[in-house]
Amino acid sequence: MSRFWSQVVRDLTPYVPGEQPKIANLIKLNTNENPFPPSPRVLAAIQAELGDDAARLRLYPDPNADLLKAAVAKRHAVSAQQVFVGNGSDEVLAHIFMALLKHDQPILFPDITYSFYPVYCGLYGVEYQTLPLADDFSINPADYCDRPNGGIIFPNPNAPTGRLLPLDAIEQMLKANPDSVVVVDEAYVDFGGETAISLVDRYDNLLVVHTLSKSRSLAGMRVGFAVGHAALIEALERVKNSFNSYPLDRLAIVAAVAAMEDEAYFAQCCHAVMATRNTLTAELTELGFEVLPSTANFIFTRHPQRDAAELAKALRERNIIVRHFKLPRIDQFLRITVGTDGECKALTDALRQITG
Ligand SMILES: *Cc1c(COP(=O)(O)O)cnc(C)c1O
């Protein structure tokens, strides 16, 4: 605290990202990164962009990242005018709060969800109301259908639960809220969910957000995008062009295009993660853990007799890090990223020792 701080800064409660410790030989299952490297085409594209002397880095990148918008539009069968790209989906989300969710009524999101949402509300002065998940941690769509609101946002599958809401439930919300933007944050949808992008041509109040950080192994590059009606995209462009004209650098643009175009590699990685998730779920269940059904690249689990914080600590002593949230309703759960088969085996071996 200092006398130089503005009132806005004094009142902020910033988001706390999962740690990125600088420890060798760590099994890092705490921030939902992909265990596989990005497509080999990504490295080739970056090398081609750099050329022999990297002279091109002298020049600003394309402020509109048109090549990337075209690649996203092609992959998802929409027009480039329906695509917004940003520096990670966190930045895309920030612009959404500013451009489309700041109204007189409070916005709605679940009580257990991505903890960045209340942070953006604090930053932009957006009122919000949280609606409790059901006892099985599912979202009840009817809760979002009968109350006036300034917008709705939730991840699908939800984070940190991993539970998926079917598309017909999302459609029910869209129909019940024709005057609110419904934002579906699909950071994890590629691991077995069905994207709501297929609905954007029918609902002008739908915005779907994706990231290349998880399913396309590019967390280090910071690329995300939103797909929706051209008028919603235009709102985001207005905010972006009032904030930072060049959110994506040259290397990020070519890397993201290459990743979007390598469908075969993408599908292969997603399938491998899903197969490992199913094995991990079965093994943890055998060890006495309860595991919520996950459609993400992480699982959310608890042990009926073991304190979650102590389990996390014991794992850490064995150089394995997972995520524990000290929050109401979920403080006895651990969120564990699906790693490689080898990493998951090391995890279950450690948990067998710890709980045995
Ligand atoms: C990881 C994550 C994001 C942010 O992704 P970036 O593109 O890396 O900023 C957004 N929403 C949810 C629900 C996430 O889990």
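Order of listing sets the numbers, starting from 1, for every ligand and every atom in it.
The two residues Tyr144 and Asn177 make their nearest non-hydrogen contact at O-ND2, 2.9 Å. When all heavy atoms of Ile153 and Pro110 are compared, the pair lying nearest together is O-CD, 3.7 Å.
Less than 4.0 angstrom separates some heavy atom of Thr211 from each of these atoms of ligand 1: 5 (O), 6 (P), 7 (O), 8 (O). The contact set between ligand 1 and Gly88, taken as ligand atoms under 4.0 Å from a residue heavy atom, comprises 7 (O), 9 (O). Interface of Tyr188 with ligand 1, defined as ligand atoms under 4.0 Å from a residue heavy atom, comprises 1 (C), 14 (C), 15 (O).
For the pair Arg250 (side chain) and Leu50 (backbone), a donor-acceptor distance under 3.5 Å is absent.
Protein heavy atom closest to atom 2 (C) of ligand 1, with residue, atom name and distance, is Lys214 NZ, 2.4 Å. Considering only non-hydrogen protein atoms, atom 5 (O) of ligand 1 sits nearest to Ser89 OG, 3.0 Å.
A salt bridge is defined here as a Lys NZ or Arg NE, NH1 or NH2 lying under 4.0 Å from an Asp or Glu carboxylate O, and Arg75 with Glu263 meets this definition.
Residue-to-ligand polar distances place Arg222 within reach of ligand 1: an N/O pair is separated by less than 3.5 Å. Annotation: Ser213 places an N or O atom under 3.5 Å from an N or O atom of ligand 1; distance criterion only.
Between Asn30 and Glu19, the side chains place no donor N or O within less than 3.5 Å of an acceptor N or O (distance only, hydrogens not considered). Donor-acceptor pairing under 3.5 Å is lacking for the side chains of Tyr246 and Asn64.
Heavy atoms of Asp185 come nearer than 4.0 angstrom to ligand 1 in at least one pair.
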